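Let me begin by presenting the structure, written as structure tokens, before commenting on it.
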Amino acid sequence: MKRVLLSTLVAALPVVAMAADAEHVVEARKGYFSLVAIEFGPLAAMAKGEMPYDAAAAKAHAADLVALTKYDPSDLYAPGTSADDVKGTRAKAAIWTDMEAYKGKGMAFFEAIAALEPAAGAGQKELAAAVGKVGGTCKGCHDDFRAKD
Ligand code: HEC
């Protein structure tokens, strides 16, 4: 029984096991940033007073952002997946030619998220200050490494 199950599984595997093609890498990369944005959006709205401050919700969004910083994104930066190589992405080729600088922007983002976590539930003012810092790291990276629409 086990053997039958296993062979069925193996037969279904090749599609998954193949190296991801550029299109899928781009899709996943954009998906990652969509997740970041969907968690950050309500926090930014609370920071600006566009949404009532809710400590529990703010903590939950911040925790999800922390979870996203634990994901190792290196697979999302496979070579040959820049805007110079494929359509449908705004990732500048500079990411690959200046990977150290890109990683530095990523580190600044991770650090701002780490500081956001305790601030999120501490009050609207505290949240707003931490959100401002995180937002600065989004912009800091986009300015250099994301092409305009
Ligand atoms: C280390 C660099 C970096 C940081 C930090 C960063 N981004 Fe991005 N972001 C990118 C790049 C590069 C792209 C383009 C991805 C692509 O098109 O392949 C992108 C794309 C996006 C997109 C578009 C996704 C899509 O579907 O096309 C959104 C939304 C976004 N980022 C939001 C954010 C927010 C919000 C933050 C901060 C909370 C943030 N990003 C932080 C580099 C960064």
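Start at 1 and go down the list; that is how both ligands and their atoms are numbered. Only a predicted model underlies this, so the values are computations on that prediction, with no experimental measurement involved. Any value given below was found using the heavy atoms of this structure, including those in side chains, with hydrogens, waters and symmetry copies removed.
Backbone and side-chain nitrogen or oxygen atoms of Lys105 are examined, and none is located within less than 3.5 angstrom of a nitrogen or oxygen of ligand 1.
Regarding atom 18 (O) of ligand 1, its nearest protein heavy-atom neighbour is Thr89 OG1, 2.6 Å. When hydrogens are left out, the protein atom nearest atom 28 (C) of ligand 1 is Arg146 NH1, 3.7 Å; that is the closest non-hydrogen contact. At the shortest separation from atom 17 (O) of ligand 1 among protein heavy atoms lies Arg90 N, 2.8 Å. Closest protein heavy atom to atom 9 (N) of ligand 1: His142 NE2, 3.0 Å. Atom 15 (C) of ligand 1 has its closest protein heavy atom at Arg29 NE, 4.0 Å. The nearest protein atom to atom 24 (C) of ligand 1, hydrogens excluded, is given as Lys30 O, 3.9 Å; this is a heavy-atom distance.
Here the side chain of Trp96 pairs no donor or acceptor atom with the backbone of Gly80 at under 3.5 angstrom.
The nearest non-hydrogen atom to atom 1 (C) of ligand 1, considering only Cys141, Gly135, Gly41, comes from Cys141. Counting only non-hydrogen atoms, the option in Phe33, Tyr102, Tyr77, Phe109 that gets closest to atom 6 (C) of ligand 1 is Phe33. Comparing Cys138, Ala94, Gly104 against atom 36 (C) of ligand 1, the shortest heavy-atom distance belongs to Cys138. Among Gly106, Ala37, Gly136, the residue whose heavy atom sits closest to atom 29 (C) of ligand 1 is Ala37.
Within ligand 1, counting atoms from 1 as listed, the ones closer than 4.0 Å to a heavy atom of Thr137 are 5 (C). Close approach to Phe40 involves these atoms of ligand 1, each under 4.0 Å from a residue heavy atom: 35 (C), 38 (C). Distances below 4.0 Å separate heavy atoms of Ser34 from the following atoms of ligand 1: 26 (O). Below 4.0 Å from some heavy atom of Ile95 lie the following atoms of ligand 1, by number and element: 12 (C).
The minimum heavy-atom distance between Tyr102 and Cys141, with the atom names listed, is CE1-SG, 3.5 Å. The minimum heavy-atom distance linking Leu76 with Tyr32 is given by the pair CD1-CB, 3.7 Å.
Checking Ser74 against Asp72 by side-chain atom types alone, a donor-acceptor pair falls below 3.5 Å. Defined by atom type and a distance below 3.5 Å, a donor-acceptor pair is missing between the side-chain atoms of His61 and Asp64.
Other members of the cluster containing Val86 are Val26, with ILVMFWY side chains joined at under 4.5 Å, either directly or via other members.
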Distance-only donor-acceptor hits, side chain of residues 111-137, under 3.5 Å, sequence neighbours excluded:
unit_1, atom_1, unit_2, atom_2, d
Gln124, NE2, Met46, O, 2.9
Gln124, NE2, Ala47, O, 3.0
Thr137, OG1, Val134, O, 2.6

Exercise for the section: Begin with the C-alpha distance, continue with both residues' side-chain angles, and end with the deciding distance and a verdict on side-chain contact (heavy atoms from CB on, under 4.5 Å) for Phe33 and Ile38. Expected result: CA-CA 8 Å; Phe33 286 112; Ile38 213 160; over 6 Å; no
Practice task
Apply side-chain contact (heavy atoms from CB on, under 4.5 Å) to the pair Val25 and Asp75, showing each step before the final yes or no.
Solution key: CA-CA 8 Å; Val25 171; Asp75 293 335; over 6 Å; no
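Using a 4.5 Å heavy-atom cutoff, the side chains of Asp144 and Asp98 are not in contact.
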